[in-house]
Amino acid sequence: MTMININLLPDELRGQKTGGGGGLDPDAIVPLGAGLLAAIVIALIPTAISLFYLDGWEARTLQAKTDVEAEIQKFEGTLSELERIGKQKETLALQYNSLQSVAGVTPSWGDRLNELRNLTPANLWYSGFKVSDPAGDIAISGLALDFEAVAYLQRNLDASSHFESPVLKNTRNTDGIVSFEMTARMRTQQKKS
């Protein structure tokens, strides 16, 4: 049986017959070379990234880590000194309170005002203080941005070492500003923490 091959493609799409024994088509060499070159370039990209980017990045990261550790070491001495001073401050405050209670001395106004400053929320301002006598009641008036700030101050005064029994007398909200009046009893002896 004889086989007949019929090529129905137009002439421009038909393969050219070459005289040699199955060599590569010269038109196919260029795309094949370009594809091979692209494959080599793609294969080299991870190596190039590693050599030119990751190694430098790793070196910079290690240097930054070393710098941070050196900075931490530098401040560890300062931190331990601050902790020592904090403990000494607490000890001295306890000794001071003990001396005041033994001597029967009432806390100074500086101590009371400093504590009042520390108890005050950031969105609350005082407009006036009135004291009946050095060991009596203090009337406080002021302004706040919300009722929560006034309640926060009242809770702080109740837990404070220089004031006790705060009573909220009056509050009024006018255009988003809360005005308040409060009284508290001043302790004659500082409360032990």
Side-chain angles (χ1 to χ4, degrees), residues 53-54 56-193:
Y53 177 73
L54 292 180
W57 177 79
E58 184 179 13
R60 288 189 303 273
T61 303
L62 288 174
Q63 182 61 41
K65 180 182 175 187
T66 304
D67 292 346
V68 167
E69 288 172 351
E71 197 74 17
I72 289 171
Q73 289 294 333
K74 184 172 83 173
F75 287 111
E76 276 187 5
T78 304
L79 181 60
S80 62
E81 180 69 15
L82 288 174
E83 288 173 351
R84 186 189 65 75
I85 291 171
K87 288 177 184 175
Q88 185 180 15
K89 178 183 173 186
E90 290 174 9
T91 303
L92 290 173
L94 290 173
Q95 290 173 353
Y96 177 72
N97 292 337
S98 297
L99 289 174
Q100 279 186 330
S101 65
V102 168
V105 177
T106 60
S108 71
W109 274 103
D111 292 340
R112 289 177 177 161
L113 292 175
N114 278 333
E115 184 183 38
L116 193 59
R117 178 198 65 208
N118 293 335
L119 299 175
T120 304
N123 54 353
L124 184 138
W125 300 269
Y126 298 110
S127 59
F129 297 102
K130 184 178 179 183
V131 179
S132 58
D133 62 84
D137 290 338
I138 182 170
I140 303 169
S141 59
L143 303 170
L145 295 180
D146 52 31
F147 288 106
E148 288 83 12
V150 177
Y152 184 76
L153 174 65
Q154 186 175 7
R155 282 192 308 271
N156 285 348
L157 286 173
D158 195 36
S160 76
S161 59
H162 290 295
F163 303 95
E164 62 185 346
S165 307
V167 176
L168 188 59
K169 297 289 187 181
N170 186 14
T171 58
R172 184 178 38 244
N173 188 344
T174 308
D175 298 326
I177 302 296
V178 177
S179 60
F180 69 93
E181 294 174 6
M182 181 182 301
T183 61
R185 188 108 185 115
M186 290 190 292
R187 296 181 191 273
T188 55
Q189 297 292 322
Q190 186 173 350
K191 177 180 169 183
K192 306 282 188 265
S193 301

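Excluded from the calculations below are hydrogen atoms, water molecules and symmetry mates; all remaining heavy atoms, backbone and side chain alike, are included. The chain is numbered in sequence order, starting from 1. Everything quoted here is computed from the prediction, not taken from an experiment.
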Open item on the list: According to side chain to side chain contact (heavy atoms under 4.5 Å, CB included), who are the partners of Leu79, at least two apart in sequence or on a separate chain?
Closed with: Glu83
Task: Close side-chain approach of Thr171 to Met182, heavy-atom, < 4.5 Å - done: no
Open item on the list: Using a strict threshold of under 4.0 Å (side-chain N to carboxylate O), is an ion pair present between Arg112 and Glu115?
Closed with: no
Task: Where at least one partner belongs to residues 58-72, residue pairs that pass salt bridge (charged side-chain N to carboxylate O under 4.0 Å, His left out), sequence neighbours excluded - done: Glu71-Lys74
Task: Candidate pair Lys130 and Asp137, rule side chain to side chain contact (heavy atoms under 4.5 Å, CB included), full reasoning - done: CA-CA 8 Å; Lys130 184 178 179 183; Asp137 290 338; over 6 Å; no
TODO: May I have the step-by-step check of side chain to side chain contact (heavy atoms under 4.5 Å, CB included) for Lys169 and Thr183, ending in yes or no?
DONE: CA-CA 7 Å; Lys169 297 289 187 181; Thr183 61; 3.4 Å; yes
TODO: With the side chain counted from C-beta on, respond yes when Arg185 and Phe163 share a heavy-atom pair under 4.5 Å apart, and no when they do not.
DONE: no
I'd like a table of donor-acceptor pairs (distance under 3.5 Å, sequence neighbours excluded) in which one partner is a side-chain atom from residues 138-156, with atom names and distances.
| residue | atom | partner | partner atom | Å |
| --- | --- | --- | --- | --- |
| Ser141 | OG | Ser127 | OG | 3.2 |
| Ser141 | OG | Gly128 | N | 3.4 |
| Asp146 | OD1 | Ala149 | N | 2.9 |
| Gln154 | NE2 | Pro166 | O | 3.4 |
| Asn156 | ND2 | Leu119 | O | 2.8 |

Task: Stepwise side chain to side chain contact (heavy atoms under 4.5 Å, CB included) check, Glu81 with Arg84 - done: CA-CA 5 Å; Glu81 180 69 15; Arg84 186 189 65 75; 2.5 Å; yes
Task: Asn170 side, atom CG; Ser179 side, atom OG - distance, nearest 0.5 Å - done: 6.5 Å
Open item on the list: Restricting to non-hydrogen atoms, name the atom on Phe180 and the atom on Trp125 that form the minimum distance, rounded to 0.1 Å.
Closed with: CE2-O, 4.3 Å
- [ ] Output, in order, the C-alpha distance, side-chain angles, deciding distance and verdict of side chain to side chain contact (heavy atoms under 4.5 Å, CB included) for Leu116 and Leu157.
- [x] CA-CA 8 Å; Leu116 193 59; Leu157 286 173; 3.7 Å; yes
